[in-house]
Amino acid sequence: HSSGNDSDHHDDCRKRYIGHDLDPLISRTLRSICLTVILLMAGLELDPVALWNMSGMVVSATFVPCFTEAIAVAVFSKLLLNFSWSVGFMLGFVLAAVSPAVIIPSLMSLSQRGYGVAKGIPTLVIAA
């Protein structure tokens with residue numbers, strides 16, 4: 001049964017998410033602060049001696065995964081989503097840039113429990 005204008009009803013049914021009504025400036029500032037805290041915590045976990053000894057491995061562990069992830073995302077977005085190559089590579093590099101925000105907190109948790117610390121694995125991964 002419909003009466004009058006249905007557009008009011010549809011406006012109430014829009015999907016809403018946490019922070020939907022948050023000012024974009026505040027949202028952007030909070031995201032920047034979160035990223036800064038994650039990277040600062042990661043930097044404090046580094047062992048300078050182990051980092052210097054593994055400098056070549058750190059460089060390769062930085063660029064190889066980034067480019068591999070970007071190329072894989074570009075190929076899959078081209079094949080599956082029919083995106084252009086430039087959009088696929090942009091998506092790939094954005095995802096590669098977000099990966100440390102996922103990896104670093106869990107790696108810090110594992111290193112606090114002592115996993116891989118003797119071999120310098122947390123230092124290598126965080127530095128990369």
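Just so it is clear, the structure is predicted and the values come from calculations on it, not from any experiment. Numbers for residues simply follow the sequence, beginning at 1.
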Distance col, row Ile71:CD1 vs Phe93:CZ, nearest 0.5 angstrom, shows 7.0 Å
Measuring from Thr29:OG1 to Leu25:CG, what's the distance to the nearest 0.5 Å? 4.5 Å
When every non-hydrogen atom of Thr68 is compared with those of Val64, the smallest separation belongs to OG1-O, 2.6 Å
Considering all heavy atoms of both residues, which atom of Leu91 and which atom of Phe83 are nearest to each other, and what is their separation? CD2-CE1, 4.3 Å
Do Phe67 and Trp85 land in one hydrophobic cluster if side-chain heavy atoms of ILVMFWY residues count as linked below 4.5 Å?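 Phe67 clusters together with Trp85.
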Can Leu95 be reached from Leu81 by stepping across I, L, V, M, F, W or Y side chains whose heavy atoms are under 4.5 Å apart?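 Yes.
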With a 4.5 Å heavy-atom cut-off, do Phe89 and Val73 have their side chains touching? no
